[in-house]
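Beneath this line is the structure, given in structure tokens, with notes to follow.
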Amino acid sequence: MNSADVCILIPTLNEAATIGQLIKDFKKDGFSNILVIDGNSRDGTGQIAEAEGARVVMQNGKGKGQAMIQAFELIESPYVVMIDGDGTYLACEAPSLLEPILEDRADHVIGNRLENYSPGAFTKLNIVGNRLINIFFDVAYGVSLKDILSGYRAFTLDSMRELELNKTGFEIETEISVECILKAQRVEEVPITYLPRSEKGATKLNPVKDGFRIGSTIYRLVKVHNPMFYFGIIGSFFVLAGLLTGAFVIIQWSQGITRIPLSVLTALFVIFGLQMFIFGMLSDLIVTLHRQTINLIQEINRQKK
Ligand SMILES: Nc1nc2c(ncn2[C@@H]2O[C@H](COP(=O)(O)OP(=O)(O)O)[C@@H](O)[C@H]2O)c(=O)[nH]1
Ligand SMILES: [Mg+2]
């Protein structure tokens, strides 16, 4: 591999404490094609990056997601490594992320932080939140990925161009992971080191607010992949509510009290809940048939080539 074929993409927002060293490390390892997409930092991040020889582009909107989407349009190198500018990831591990791609085993490689992280790199809340989000993702999408929120990734330009991305904030990694699954890309995970943030720079991620956004993104996007899961959760919620009110109605009835309005409500809950399951089954059918059509089209396209 020619290292000029690899674009190192770094989103930054006020990372003056760490960006210089990170760029130096990449250069030392032979990667000189470095693109910094900066969120109009006010601490001189952009100037430092430029002085170290990176190409610096100011993002024209807000949020890490918007920055990444904008940057993806600018890249022309066949391989891309994306990495946070906060010094929590090691530049020297980029080759191990690229390896599965260069060996043509994968289109998209995720650096898995959760196997080998330094003490203090994650807060307790972060680690619990990360694990829950990954379990939720795996159940919803039927895959076994361990760290879908990782910010250290490698992929091919072609595979990245296939992804349809819209999220502007910290949901971007979630959306990338979902899109890789929806586009049936070959995704592999490689264990990486994860270091604590430097004391000088604080995280921009709010664990509760962004955690909730990430969870709801996983849920909303699953509709077109696994509709039974999507509608099943709504259905279960209503059936459960119906069982609770129903139990109350029966207990009261056995004591000689008849609760007519609550009985009607129980019936509505249960009927609506079951209807959601039927919706789920029908949508599942549509998605399966659609997938077969897409596969067929891809097969025909491949034969044409
Ligand atoms: N361009 C740009 N970069 C951002 C923005 N928000 C965060 N970043 C960068 O994205 C990377 C990850 O953000 P960080 O706060 O470290 O999130 P965490 O790693 O999930 O805690 C860092 O390099 C940030 O500087 C933004 O709005 N615009
Ligand atoms: Mg970070």
Side-chain angles (χ1 to χ4, degrees), residues 7-23 25-26 34-50 52 54-75 80-91 93-94 110-114 117-118 120-134 147-153 165-177 192-215 217:
C7 175
I8 308 290
L9 170 61
I10 316 177
T12 56
L13 179 59
N14 299 328
E15 305 289 3
T18 45
I19 187 69
Q21 190 57 45
L22 185 67
I23 296 174
D25 291 346
F26 273 111
I34 299 173
L35 173 62
V36 170
I37 179 98
D38 187 51
N40 296 293
S41 299
R42 278 173 312 234
D43 64 351
T45 301
Q47 286 87 321
I48 299 174
E50 226 150 39
E52 292 298 338
R55 175 181 174 202
V56 179
V57 176
M58 291 294 154
Q59 81 178 92
N60 47 32
K62 269 203 156 58
K64 182 181 180 185
Q66 192 279 327
M68 302 308 291
I69 293 169
Q70 184 183 336
F72 288 161
E73 294 294 317
L74 303 171
I75 297 174
V80 184
V81 169
M82 71 177 248
I83 183 168
D84 287 359
D86 56 2
T88 50
Y89 302 108
L90 296 175
E93 290 180 333
I110 302 176
N112 176 4
R113 304 166 293 175
L114 294 161
Y117 55 90
S118 303
F122 284 111
T123 62
K124 284 237 164 56
L125 179 65
N126 262 321
I127 199 83
V128 172
N130 258 289
R131 295 224 192 269
L132 285 178
I133 285 173
N134 277 285
D147 192 12
I148 61 150
L149 302 182
S150 175
Y152 202 3
R153 293 160 180 264
L165 305 172
N166 301 302
K167 297 287 168 201
T168 53
F170 283 109
E171 308 97 311
I172 188 71
E173 280 89 0
T174 312
E175 197 181 31
I176 291 178
S177 303
I192 52 158
T193 314
Y194 191 55
L195 304 170
R197 254 180 171 278
S198 99
E199 279 133 35
K200 289 191 213 121
T203 178
K204 282 101 206 165
L205 181 132
N206 177 323
V208 177
K209 198 176 82 198
D210 289 304
F212 182 76
R213 284 212 189 129
I214 288 166
T217 300

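Index from 1, following the sequence. First listed ligand is number 1; within each ligand, the first listed atom is number 1. Heavy-atom basis, side chains included; hydrogens, waters and symmetry copies ignored.
- For R197, the closest heavy-atom approach to ligand 1 falls below 4.0 Å.
- Taking every heavy atom of I37 and a limit of under 4.0 angstrom, the matching atoms of ligand 1 come to 1 (N).
- Near D38, with a cut-off below 4.0 Å to any heavy atom, the atoms of ligand 1 are 1 (N).
- Separating the OG1 atom in T18 from the CZ atom in R197 is a distance of 7.0 Å, to the nearest 0.5 Å.
- Considering CG of D147 and CZ of R131, their distance stands at 9.0 Å, rounded to 0.5 Å.
- The protein non-hydrogen atom at the shortest distance from atom 25 (O) of ligand 1 is E15 OE2, 2.6 Å.
- A donor-acceptor contact closer than 3.5 angstrom is absent between the side chains of T217 and E175.
- L90 places none of its side-chain heavy atoms less than 4.5 Å from the side chain of I192.
- Side-chain atoms of N130 and R113, non-hydrogen and from C-beta on, do get closer than 4.5 Å to each other.
- Among protein heavy atoms, the minimum distance from atom 18 (P) of ligand 1 is reached at T203 OG1, 3.8 Å.
- The shortest N or O to N or O distance between K62 and ligand 1 is not below 3.5 Å.
- The shell of residues lying under 4.0 angstrom from ligand 1, judged by heavy atoms, includes G63.
- Set against the non-hydrogen atoms of A67, the atoms of ligand 1 under 4.0 Å away are 1 (N), 2 (C).
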**Asked** Which is it for K167 and E173 under the salt bridge (charged side-chain N to carboxylate O under 4.0 Å, His left out) test, yes or no, and what are the steps along the way?
**Response** CA-CA 9 Å; K167 297 287 168 201; E173 280 89 0; over 6 Å; no

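- Atom 9 (C) of ligand 1 has its closest protein heavy atom at P11 O, 3.5 Å.
- Regarding atom 20 (O) of ligand 1, its nearest protein heavy-atom neighbour is L205 CD1, 3.5 Å.
- For the atom pair CG (L149) and CD1 (I110), the distance works out to 9.5 Å, reported to the nearest 0.5 Å.
- Looking at ligand 1, you'll find an N or O of G39 within less than 3.5 Å of one of its N or O atoms.
- Considering backbone and side-chain N/O of L13, one or more are found under 3.5 Å from N/O of ligand 1.
- Ring-plane geometry between Y117 and F122 is classed as perpendicular, the angle between the planes exceeding 60 degrees on a 0 to 90 degree scale with a lower cut at 30.
- In this structure a side-chain-to-backbone donor-acceptor pair under 3.5 Å is missing from S41 to D43.
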**Asked** Are S150 and Y194 close enough, and set up right, to give a side-chain contact (heavy atoms from CB on, under 4.5 Å), and what steps lead you there?
**Response** CA-CA 10 Å; S150 175; Y194 191 55; over 6 Å; no

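- The single protein non-hydrogen atom nearest to atom 13 (O) of ligand 1 is F170 CE2, 3.6 Å, given as residue, atom name and distance.
- Near D86, meaning under 4.0 Å from one of its heavy atoms, ligand 1 places the atoms 16 (O), 19 (O), 23 (O).
- Among V36, I37, I34, the single residue meeting the side chain to side chain contact (heavy atoms under 4.5 Å, CB included) criterion with L9 is I37.
- Between the CG atom in L165 and the CZ atom in F72 there is a gap of 6.5 Å [rounded to 0.5 Å].
- Between atom 15 (O) of ligand 1 and the options M58, K204, R113, the minimum heavy-atom separation is to K204.
- With respect to atom 10 (O) of ligand 1, the closest heavy atom belonging to the protein is K64 CD, 3.5 Å.
- Nearest protein neighbour of atom 2 (C) of ligand 1, counting heavy atoms only, is Q59 OE1, 3.1 Å.
- The Mg ion (ligand 2) is closest to atom OD2 of D86 (considering only N, O or S atoms).
- Of the protein's non-hydrogen atoms, D84 OD2, 3.2 Å is the one closest to atom 12 (C) of ligand 1.
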